[in-house]
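Some notes on the structure that comes next.
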Amino acid sequence: MDLKENIHLKTLPEHIAIIMDGNGRWAKQKGMLRAVGHENGTKAVRETIEASAELGIKYLTLYAFSTENWNRPKLEVQTLMRLLVTSLKKEIKTLQQNNIKLNAIGNLKTLPTKVFKELSEVIEVTKNNNRLTLTLALSYGSREEILNTVKEISFKVKKNIISPDKIDESIINEHLYTQNLPDVDLLIRTSGEQRISNFLLWQIAYAELYFTNTLWPDFTKQHLYEAIIEYQKRERRFGKTSEQLS
Ligand code: IPE
Ligand code: IPE
Ligand code: MG
């Protein structure tokens, strides 16, 4: 059965964020190297982007590499960076053909030059696309992002560009890496782990959380549809009572 038929197109989440987890365990279960898990994870990335674009999702944000992931074995980090470069090279055409805009958040300066260059190129080439904004979180850590925001705003206060009593949520939003993105509506994490792992702490304040045991390389369009269907069953009250909403 195609679960897509059960999705209400009028109440789609505007912004879906995904913590793509479980590549290593997927490989281990098959007696293969972790690198094979990461390689197969790129297929799930492709499926998810395609399904999101087809449905009409406006923003998709994928957690691809965290600030903490730098602490993994050097070889694994290299594999992930290499995969990034090859995937970007391979997908640039498809992104362009499908009117998808690439965006990146994180401490991008810390990425290897090759990755940074390829990433910048794809971002530049796709900058005028407007069907779907695909954001890759790379060398991303939410605490670091908030820390940077505090620093930048402090400098502006010191230089009298911002007055302290004028600091509000929108000023904070404008200084985050996600300045051009709306708040997250639906946050998905695969692999059965139920934690946030330093991802978009500010931006998920009112997101619906969805955890699935599916390991990331096994994640298909149908899994995404399942998550959206579950999201559409939730009542987002934003502090109000149920009666107030109806
Ligand atoms: C997610 O899969 C990919 C990254 C974090 C880069 P993992 O590599 O974390 O897989 P597990 O959690 O070890 O199974
Ligand atoms: C979170 O996954 C980061 C990404 C998916 C890129 P991890 O596998 O690194 O998270 P922890 O360490 O298990 O929390
Ligand atoms: Mg993991």
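For ligands, and for the atoms within them, numbers begin at 1 and follow the listed sequence. Keep in mind that the numbers below use all heavy atoms, side chains included, and drop hydrogens, waters and symmetry copies.
Near Arg195, meaning under 4.0 Å from one of its heavy atoms, ligand 2 places the atoms 11 (P), 13 (O), 14 (O). Counting atoms of ligand 1 from 1 in the listed order, those under 4.0 Å from a heavy atom of Ala64 are 6 (C). Close contacts between ligand 1 and Arg25 involve ligand atoms 11 (P), 12 (O), 14 (O) [criterion: under 4.0 Å to a heavy atom].
No part of Glu68 comes within 4.0 Å of ligand 1, judged by heavy-atom distances. Under 4.0 angstrom from ligand 1, there are no non-hydrogen atoms of Leu215. If you look at Phe65 next to ligand 2, the close heavy atoms, those under 4.0 Å, all belong to the backbone.
What sits closest to atom 7 (P) of ligand 2 on the protein, heavy atoms only, is Arg72 NH2, 3.8 Å. Counting only heavy atoms of the protein, atom 9 (O) of ligand 2 lies nearest to Asn69 ND2, 2.9 Å. Of the protein's non-hydrogen atoms, the one nearest atom 2 (O) of ligand 2 is Arg189 NH2, 3.7 Å.
Between the side chains of Ser197 and Arg189, at least one donor-acceptor pair of N or O atoms lies under 3.5 Å. The closest side-chain donor-acceptor pair between Trp26 and Asn40, if any, does not fall under 3.5 angstrom. Side chains of Thr67 and Glu144: no donor on one and acceptor on the other come within 3.5 Å.
A search for side chain to side chain donor-acceptor pair (under 3.5 Å) contacts involving Asp168 returns Ser170, not counting sequence neighbours.
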Please step through salt bridge (Lys or Arg N to Asp or Glu O under 4.0 Å) for the pair Asp2 and Lys221, ending with a clear verdict.
CA-CA 10 Å; Asp2 189 357; Lys221 289 186 182 183; over 6 Å; no
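Note: no N/O pair closer than 3.5 Å links Tyr63 and ligand 2 by distance alone. The distance criterion of under 3.5 Å between nitrogen or oxygen atoms is met by Asn23 with respect to ligand 1. Residue Ser66 has no N or O atom closer than 3.5 Å to an N or O atom of ligand 2.
By heavy-atom distance, the residue among Gly41, Ser197, Gly24 lying nearest atom 14 (O) of ligand 2 is Ser197. Closest to atom 1 (C) of ligand 1 by heavy atom, among Arg34, Met20, His38, Lys28, is Met20.
Using a distance-only test at 3.5 Å, with no hydrogens or angles considered, a donor-acceptor pair links the side chain of Gln232 to the main chain of His8. No side-chain donor-acceptor contact under 3.5 Å links Glu76 to the backbone of Ala35. No donor-acceptor pair closer than 3.5 Å links the side chain of Ser139 to the backbone N or O of Leu111.
Heavy atoms of Glu193 stay at 4.0 angstrom or farther from ligand 2. Taking 4.0 Å as the cut-off, Ser191 does not count as a neighbour of ligand 1 on heavy-atom distance.
Using the six-membered ring where Trp is involved, Tyr59 and His15 have ring planes that are tilted, between 30° and 60° apart. Trp70 and Phe65 have perpendicular rings, their planes meeting at more than 60° on a 0 to 90° scale where under 30° would count as parallel.
At a threshold of 4.0 Å, the pair Arg234-Glu230 counts as salt-bridged, since one of the basic side-chain nitrogens sits closer than that to a carboxylate oxygen.
For the side chain to side chain contact (heavy atoms under 4.5 Å, CB included) with Arg34, the qualifying choice from Arg25, Arg72, Glu39 is Arg72, the only one to do so.
Within a 4.0 Å radius of atom 12 (O) of ligand 2, the protein contributes no heavy atom.
In the hydrophobic clustering of ILVMFWY residues, with side-chain heavy atoms under 4.5 Å counting as a link, Ile105 and Leu80 come out apart.
Sorted by chain and number, the protein atoms of type N, O or S within less than 2.8 Å of the Mg ion (ligand 3) are Asp21 OD1.
Side-chain atoms of Leu60 and Thr135, non-hydrogen and from C-beta on, never get closer than 4.5 Å to each other.
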